[in-house]
Amino acid sequence: MLQVFPVKGMSCASCSAHVTKALQRLEGVSEVNVNLATNTARVSYDPQLCTPEQMQQAVAQMGFELLIDQPLEAEGTEAATTSATTTAQSPTTDAQAYARQRRTLIGAWAVALPLLLLSIFQGLFSGQEVLLFFLATYSLYRYGRAFYAPAWRLLRHGSSSMDTLVALSITVSYAYSFFALFFPQWFRAHGMEPHLYFDSVGMITAFILTGRTLEARAKHRTTSAVRGLMSLQPSEVTIVFPNGSQGTKQIAEVRQGDVVLARPGDRIAVDGEVVSGESAVDESMLSGEPIPVMKTTGAAVKAGTVCLDGTLRYRAHHVGQDTLLSQIVRMVQEAQGSRVKVQALVDRIAAIFVPTIVVLAILSFVLWAVLGHGADSLSHGLVALVSVLVIACPCSLGLATPTAIIVGIGRGARRGILVRDASCLETAQRIDTILLDKTGTLTEGSPTVAQAVYFTADEPRVRSIIRSLEELSTHPLARAISHHLADAPTLKPDHYEALAGNGLKGTIEAKAYLLGSLPWLIEQGTQFTSEQTELARQWEGEALTLVGAASASGKLLALLALTDPLKPTSAAAIERLQRLGVTPFVLTGDSQQTAHEVARRVGIPAKRVMARQSPTDKAQLVARLQQEGHRVAMVGDGINDSAALARADLSIAMGRGSDIAMEASQMVLLSASLERLPEALALSRATMRTIRENLFWAFCYNVVAVPIAAGALYPLCGQMLSPMIASAAMAMSSVSVVLNSLRPRKLF
């Protein structure tokens, strides 16, 4: 079972590492992914061996709270994910928490600024140092609890986090200043001049709270894509009852078969089929395509789209969690909660980060106190101790990867690019070869019969035979032929067999017939006259797709030529792919001439055209290219190309509606436009580039900042790094990582 639980109390990568460790120790838990950016834990476990209550107890022993009181399992993993993430990211809860945090921040600065000014301008009045003491004490009591409470909770369970470092730093600053103020003679007796660092208590607290407030605000923006998708569905709808009267229902009360009314400007509430009316519908929020689509009786409509200029009545087919919009939300949430491989390294570092920093801080203090010279050696040691504790930042490490993933996948969702798992972003950025199925990918996927010739005196009967057999097939060519022969009467086949990539066999009134590609018909013994062969060549030269009908005795009964126009965006998309350094191939079951003509029109060389390809041939081509060292992506419909999609490094499905085969592919392009394909690859590269930038900054910041805080620059400039500056740098390090993730990226 897979469930996603909200987690309270996490503030840095060390926290998420502790929660992960606690859950992984439990018997029956197979996989754990704790996301700091969304404050959730995604757990795969065996309910026979482990229960949510046991998980909650294990997490509590580490000092955190796992929320299990919501019914998260619902009807499987998808509903669990949706419920948990919705709970964790409730806009109302976020707004209230942000408001509280902002009020705390204002109060912290109201105390910190007087502390700073009174420390800079000394000797203004008698008792100034005592006032500093009271202000620092109030800051410690009123605003330091934001760090003390979680630090103490973790300490009781033998763990630590960023709160531990901050709590230690302000405690040391306060304690040293307290003794320096009330027992200065002890310092002077040992040849040291006492200094007060009460201002550090207030300023460190204020700076860290500032960073967390900015971070919370920025993190809230990272989940805007999911909140935007969730807001597309109206909360209330108008129902048309069987007697013609109308009434309102809450969206949760809508059931299959209900007839729903959509007026101009209304959002479609559920997936359904138009039963009356006519209107243009804006589907850009799902597919990313700005051009409205005209909907009339019999057309499919999707939840979240907008009825523009007419009134529609549509019958609900899919409601609740079954709508395409709900599937998209689930897919985006699951992907945003997933992780890339590099996160494992970050988790290992985070697990030992805080103890390592504490050791380095103590070591810095000891070295300055023992090896330093002069009356200020102890003071320098104290400054180094506090600065090292404050400046180290595991927060930026913990946020580097998840924020980039959340933002990248959210941007993709707004463009109609759905990513099933973050790991496929790593794969997509390395793709150098892409295999494109012709029908429905390069072409519109809606073929029509352009010409038909019958080689028999009984043409009406042959038309009936062809229609009767083709109606049993779901292939796009079969549907086109059935539509073309809609006026022919149907017969009842005695036997029917579909042969993937070739055609079909059927028996009607004890006579066997074949329908399919010409090479397959020839293999089955069908005879072609010279005139028939010449006609076939002529049509193939015009980029027409040919289907033949023959009797089992070998006589050709008919030739049908179908046309499937190129998508207007195909040529531009191929050019963009090649600009990205990706080599495109065309795969098709069509003839060489037709395939080459289509490839020529979109700018793909003939040497990269593979015609007469069966599903097995396509999978073998993928394997051969992989053996040659290529990273291969396969683009298809997720059904006919299932073998090749399964074998490819990256599988991509294209299309509209619920037939886009989400479960068959790692990436789904909701739009029928091929231009989303290079966008998807460019998006993966931009997201992974953001992750690398974030990790580089997070690692380099700590590698450079800690030695400086320890006093590495003192021999050069004679100055120690102020704890206040250290706290400001620490606060901005995590904010900068989140802001870098939110920074718009130019894909092309």
Side-chain angles (χ1 to χ4, degrees), residues 335 338-342 344 412 417-442 500-501 570 573-590 592 595-596 598-599 602-654 660-669 674 676-689 691-692:
S338 58
R339 55 197 282 148
V340 291
K341 293 179 181 178
V342 71
I417 302 167
L418 302 185
V419 178
R420 291 191 60 82
D421 192 272
S423 61
C424 76
L425 292 174
E426 288 183 294
T427 303
Q429 66 158 341
R430 297 192 294 269
I431 292 298
D432 58 30
T433 303
I434 193 160
L435 309 184
L436 304 167
D437 183 46
K438 179 179 75 68
T439 303
T441 302
L442 293 173
S570 291
I574 295 301
E575 192 273 331
R576 285 184 172 183
L577 284 173
Q578 293 174 333
R579 203 190 315 160
L580 287 171
V582 179
T583 303
F585 283 72
V586 176
L587 303 184
T588 179
D590 234 330
Q592 287 280 0
H596 284 157
V598 169
V602 299
I604 297 177
K607 65 181 180 180
R608 296 205 295 268
V609 177
M610 305 297 170
R612 306 293 189 198
Q613 295 284 296
S614 68
T616 302
D617 293 333
K618 294 178 181 180
Q620 290 175 347
L621 176 62
V622 172
R624 177 168 62 82
L625 290 170
Q626 289 172 330
Q627 290 172 357
E628 294 174 0
H630 296 287
R631 295 298 180 100
V632 183
M634 175 68 194
V635 183
D637 60 13
I639 301 172
N640 294 334
D641 304 305
S642 57
L645 286 165
R647 182 67 194 238
D649 297 297
L650 177 69
S651 54
I652 304 173
M654 289 187 61
I660 56 179
M662 287 186 180
E663 298 302 323
S665 301
Q666 297 165 291
M667 192 177 287
V668 178
L669 309 182
L674 195 64
R676 295 291 178 262
L677 181 57
E679 282 187 20
L681 298 184
L683 175 71
S684 69
R685 296 183 182 186
T687 302
M688 295 308 298
R689 183 168 63 250
I691 290 175
R692 287 192 292 270

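Note that these values count all heavy atoms, side chains included, but never hydrogens, waters or copies made by symmetry.
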Q. Rounded to the nearest 0.5 Å, how far does CZ of R685 lie from CG of L580?
A. 5.0 Å
**Q.** side-chain hydrogen bond (donor to acceptor under 3.5 Å, both in side chains) against T616, all qualifying residues, sequence neighbours excluded
**A.** none
Q: Any chance you could measure R692, atom CZ, to R689, atom CZ, to the nearest 0.5 Å?
A: 7.5 Å
Q: Identify whether the distance between the nearest side-chain nitrogen and carboxylate oxygen of E575 and R579 falls below 4.0 Å.
A: yes
Q.
If I take atom CD from residue Q592 and atom CE from residue M610, how far apart are they, to the nearest 0.5 angstrom?
A. 9.0 Å
Q. Is the backbone of Q666 close enough, under 3.5 Å, to the side chain of S651 for a donor and an acceptor to pair up by distance?
A. yes
Q. Between D437 and K618, is a side chain to side chain contact (heavy atoms under 4.5 Å, CB included) present by the stated rule, with each step listed?
A. CA-CA 9 Å; D437 183 46; K618 294 178 181 180; 3.2 Å; yes
Q.
Between L436 and L677, does the side chain to side chain contact (heavy atoms under 4.5 Å, CB included) criterion hold? Intermediate values first, please.
A. CA-CA 10 Å; L436 304 167; L677 181 57; 3.6 Å; yes
Q.
Please give me the minimum heavy-atom distance between M634 and L645, naming the atom from each residue.
A. O-CD2, 3.4 Å
Q. Name the one of V598, L435, T441, L442 that satisfies side chain to side chain contact (heavy atoms under 4.5 Å, CB included) with V586?
A. L442
(Q) Could you check whether any side-chain N or O of D432 sits under 3.5 Å from a backbone N or O of R631, counting only pairs where one atom can act as donor and the other as acceptor? (A) yes
Q | Taking every non-hydrogen atom, the tightest pair across A680 and L669 | A | CB-CD2, 4.1 Å
Q | Side chain proximity check, T687 to Q429, heavy atoms < 4.5 angstrom | A | no
Q | Within-4.5 Å side-chain heavy-atom neighbours: I574 and Q578 | A | yes
Q.
If I compare all heavy atoms of P605 with all of V609, which pair ends up nearest, and what's the gap?
A. O-CG2, 3.5 Å
**Q.** Pairing residues for A428 by the side-chain contact (heavy atoms from CB on, under 4.5 Å) criterion, not counting sequence neighbours
**A.** L650, M667, L681, S684
Q) Quick one: CD on Q620 to CZ on R647, what's the gap to the nearest 0.5 Å? A) 9.5 Å
Q: State the CG-CG distance between L683 and L425, to the nearest 0.5 angstrom.
A: 6.5 Å
Q) Between R612 and D617, is the closest basic N to carboxylate O distance under 4.0 Å? A) no
Q. Atom NE2 in H630, atom OG1 in T433: separation rounded to 0.5 Å?
A. 5.0 Å
